[in-house]
Amino acid sequence: MNDLVETLWGQFGVETEEHLDLIEPLLARAGPDGVDADGIGQLFRSFHSIKGLARAMDLLAMERVAHQSENLLGLVRDGSVPLDARLVDNLLQAVDSLKALREVAIATRADGEMPDELVDQLARMFAALSGQPVSAASPPPPPPASTSAPPATAPEPGEAGDSSAVFDLHEDPEMLAIFVEMVQTRLPELALALDAERTDGGALAAEAAEAISYAATVMEFQRVAEDLERLARSIPTDHQPDAEERRALLLQIGDIREQMAFVGEATGQDVGADVLADVLAQFIRDDLASLIQELADAYGHIEMDASEGDLDALYTDSGEFAEVARRVFAVVSSVGCQSLGRLLLLLADVYHRVASGDLMPAIELFEATTPILEAVDLRAALTAGDPITDLDPAVEAELSRGFRQALAVMSGESIAETAGAGAVVAGLHLKPEMMEVLSGDAQARLTAALGEAGTYAYELTLHLESTSEAAGNFVEWLSTAVESITNRTVLMDTESWFEFLVLAKLPPEEMQTQLATLDPGLDCLKAAAQVTAEPGGRPLVGAAPPPAAAPSEPPPPPPPAAVARVPSGEAASSQPAAPPSDGEGQARPAPARPAAKPAVEAKGQASSQVLRVRSETIDGFMSQISELRVAVTGIAMLNEDTRWPTALATLRRVIEALPSDTQGEGVNALQVLADYLRQVRGFEERLDSLLGRLNANALDLRVVPIDTIFNRFPRAVRDLAQAQGKDIRLVLEGRDVRVDKGMVELLVDPLMHMVRNGIDHGIEPPDQREAAGKPAEATLALRAQQRGAEVVVDVVDDGRGLDVDAIGAKAVERGLTTAAELARLTPRQIFRFIFAPGFSTAKQVTETSGRGVGMDVVLTSVNKLGGDIEISSERGRGTTITLRLPLSAALQSALLVEADGQFLGIPERHITAIATVAPDQIQYVSGQPAIVHRNAFLPIYPLGALLGMGEAQPIRDVRQVVILSNGRNAIGVAVDRLLRRQELFLKDLHPALAALPAIGGASVLGDGRVVLVLDVDGLIQVAQRGAAAAA
Amino acid sequence: MPKTILIVDDSFIMRTIIKDIVESDGDLSVCGMAENGKVGLQKVRELKPDLVLLDIEMPEMSGLEMLKRLMLVRRQKVIIISSVAQTGSPQALEARRLGATDVIAKPSGAMSLDLNEKKGHDIVRAIRRALELDAA
């Protein structure tokens, strides 16, 4: 089970991260109108999901923090308190705590330390806001081990009635009521399309269809709207529909009626479906007769296949029959024959499974099908002009029972005798809920196993969604030591438990002992009982979970939704039971909510559209592609090998020299070889082009929206603004600009630095802003754009702007320029002094900036990636810093070379040529080795020595020289070996490496080997400095 | 582009097992998971999956309730995978009525640890059929 546990942890990491990433920017955006109802709902659900995930992994601390946060948000969602700054602060603290706990959990696979103070604080806040005396001490829902039955905890605050609040059929009950009323009057008009007596019937029906379609669009029932639209278009308005058209219309109307019935069921309102049935029934007698004929024909095919023993055809025709049955169901329901409809659904279900190979057909099945088809066959009544009447429910029950019995016989199970609530199977009394999840196979297995002496049956109620040791023990035990027959979900307090039916060769006393060993603390096991012939069996541990029992102390209504299950004593009847209620029936009316606001904003959440994959997975994938490329190159080289054709030619000569009677065979063999070689070449070409496409697609995998960086800013800006008493509105634009994942890593630090600088130095405190006639709230904008092959990010603030004079004076003071020179510089040029090492004009050093380190480092690392930073600023109006980076910055095409044992990557864009240089070509110019290249002397340096990795030795043998240029100067570097061209992903550069002048970054090859990527500009400067020093 | 699948099941363990099943087929990818019908509806809106794999018995909102609501909004392909969807069971019939594309019974109860072993192949085949992908 270890693999499973590993996967669970992986999934836990991914899912919790996803939720935390959603929460943080939403909270940071919170303000008077910062988060709308959708946002609040999102926050609530995310905390709720985190709670569930934490619970599943047995992380009590995380669970508590998430639980308390969820409680608070429940109040906000109900509209009882606003999401004010204090609440946001508290929730952000909770987020921090959750993040830290998550890290601990992932690293140690264990619960972190309970942040008692925070939990307490959140609980007190909840108590104060809600007026409920909820103490922090009250444990979250799954209480630790208890020997008794699972407690019926009061519903969680904000949880109750939730389904109606957020996911009602429609957010606005009034609109829904208007819609239902409208449908009620107009739905029956659809039937006019089939009224052969009227000439205007088609036009009227089409008009009704369009009107309802429009209303459905407004309600956002897109599918219904589309179906109605389609119906309106298919009604012929210039002639009476022919038989074929009538049938198509009838089927469409049947479908629409079904969907409207769903609306009726969900709202408890009459949507006119019955009236439609009555009207329709007058017009469609012939059509229905022909549909029933079709059903009979489809069944005829199955019978023929069975008699001919053609199984393949039987599967296909069963599928066909199931489809027709489903369609006839919709039509007979639409003329009000519910009992017939249910029988048809039963046929559809069973034959669908036959078609999918899930159920082996047998003679019993066919025998039981015939009477149902006879009952459905209304043709005699239809032609005689008798009214269309539904089947007597008693007859339906009888037919349905016969059919089910046939199914039971087919799966070889002994027929269960129903005995009150539940059934007796193989001498055991099983409760109806358990019967429901007992497949035919399982029932057969049960019967067979209990025939063996010493086998006992037990029912265990377990909580397995956790990683506690006991849960692991149980999962293992269930799949090895005992035989698990089936299990069912027991919903308790919005939590899913499992009730297992198991067989074991253990008498009750030994079972009791085993259970005690498996789970001594009763962490997972809630109840255990031996299953006997008596209802309830013989309890061993705890008690069986109570059915919908009212808690002893009256909790706020409604009762825990989970327990309200359909009593399925009549499981054997064919009544399609209402779906298990989720408690919505008793839900209180939804609190007044603002009118539906289209979810446009949600779409801006680029992150929610993104599929998360661990980056190592993609990197691994990329390196496998690289390896594949090497293998394909290997094949290509084999194919290019000239020895092949030569060998073939030789063979041909030899064969031709043979006596003619033995030649034939040899020539044939030769032909085969030649063909083979040609084909291999063809495949290699195909492989090569496929690999190219694969590589391009794989690169696409690394593309993420820039939002993944922007997401980090709301929180940072909020914290800084708060710390400095500033009022800042953060605007994020271009969030869906897509960049390579590597780029994200490269951009985040420079951007964060610039944003901090802007807040520290640029943006004034509110009073100063007001004094200057500006709004007290400052605006800081991050704008991303993709321009050609560059990503451009502007950091714009409307603060005090840069002080050209102060910067100039400081530059002169630090000796970066002279007063005379300064006078000639433009403001833009003067601003660039900010990037000089150690330059700072800040009067006070803040926690985050003003320490004089930073902007120079930022510029250097951006330059190394081929990007640049520009500043423009207007005194008193604000500053714009523009950062540009080539899109390809993270991915460099490089030439891999080896020098002094180290693999190095040289960016291709800087390579102008590669030369093979013999010692006698080298000339010495002022002691510097050089070659003549393009009619000029080009200095040559051994690359290793230039980087300080090896001794500078005279070049004595033939060497490969790579000629590099930065646009102004060119040098040649001698390397030991040229390896290959490769796309390298730059990793986030380590500060120690960033400091090296000639190194631009590092990358990792598929085999894990590290490659340093050269910064050619820096390398050329190093070379020139060295030359200058030597001179 | 692989087809996108949303998994809705209240059990974390089952979600994980089903995800493995789906992703054993290179033409399919899991675009999201949800632990109940309510979250499921939300995710369908967000992710617009090609197909939904839906459990029935779930807290907060059952799979059938979700299916009913979903079918008003989208012509969505949905395969029910549930322990209460045994052949001819009321829930299976209800799922068919609501327009489920296919219905598959979990082999050994709600927590079917042997789902992959016993039904993995059937599930992938049913998905491929529903999405009209060539038989693998």
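Per chain, numbering begins at 1; letters A, B, ... match sequence-line order.
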Do B:Val73 and A:Glu220 make a side-chain contact, defined as non-hydrogen atoms from C-beta onward lying under 4.5 Å apart? no

Expected output: side-chain B:Arg125 to main-chain A:Ser356 donor-acceptor under 3.5 Å: yes

Heavy-atom distance under 4.5 Å between the side chains of B:Arg69 and A:Phe262, does that happen here? no

Please look at B:Ser89 and chain A and tell me whether the side chain, the backbone, both or neither of the residue comes under 4.5 angstrom of a heavy atom of that chain. backbone

Please report the shortest heavy-atom distance between A:Leu346 and B:Gly88, naming the atom on each side. CD1-CA, 3.7 Å

If every non-hydrogen atom of B:Thr87 is compared with every non-hydrogen atom of A:Asp349, which pair is closest and at what distance? C-OD2, 3.7 Å

Between CZ on residue A:Arg342 and CG on residue B:Leu93, distance to nearest 0.5 Å: 10.0 Å

Look up atom CE in B:Met33 and atom CD in A:Glu18, then write down how far apart they are to the nearest 0.5 Å. 9.5 Å

Shortest non-hydrogen contact from B:Ser108 toward A:Asn487: O-ND2, 2.8 Å

Would you say the side-chain atoms of A:Arg326 pair up with the backbone N or O of B:Arg97, donor to acceptor, closer than 3.5 Å? yes

Which one of B:Val103, B:Ile104, B:Asp122 has the most heavy-atom pairs closer than 4.5 Å to chain A? B:Val103

Contacts of B:Ala105 meeting side-chain contact (heavy atoms from CB on, under 4.5 Å) (sequence neighbours excluded), chain-then-number -> A:Arg353, B:Gln86

Under 4.5 Å heavy-atom distance to chain A, tell me which part of B:Leu98 shows up: side chain, backbone, both or neither. both

Side-chain donor or acceptor of A:Arg45 paired with backbone N/O of B:Val39 under 3.5 Å: no

In Å, rounded to the nearest 0.5 Å, how long is the span from CE of B:Met14 to OG1 of A:Thr489? 9.5 Å

With a 4.5 angstrom heavy-atom cut-off, is it the side chain or the backbone of A:Ser333 that approaches chain B, or both, or neither? neither

Would you mind reporting whether A:Glu15 and B:Arg15 have side-chain heavy atoms less than 4.5 Å apart? yes

Minimum heavy-atom distance A:Phe12-B:Phe12, with the two atoms named: N-CZ, 4.2 Å

A:Phe500 portion near chain B, given a 4.5 angstrom heavy-atom threshold: side chain

Residue B:Arg74 versus chain A: region with a heavy atom under 4.5 Å: backbone

Based on non-hydrogen pairs under 4.5 Å, which of A:Gln259, A:Met434, A:His352, A:Gln42 is most in contact with chain B? A:His352

Under the rule for salt bridge (Lys or Arg N to Asp or Glu O under 4.0 Å), what residues qualify as partners of B:Lys119, not counting sequence neighbours? A:Asp358

Note, B:Leu72 side chain near A:Arg223 side chain (heavy atom, < 4.5 Å): no

Please examine the side chains of B:Met111 and A:Arg488, heavy atoms only from C-beta on, and report whether any two atoms are closer than 4.5 Å. no

Residue selection (most heavy-atom pairs with chain B, distance under 4.5 Å) from A:Asp227, A:Leu478, A:Leu501: A:Asp227

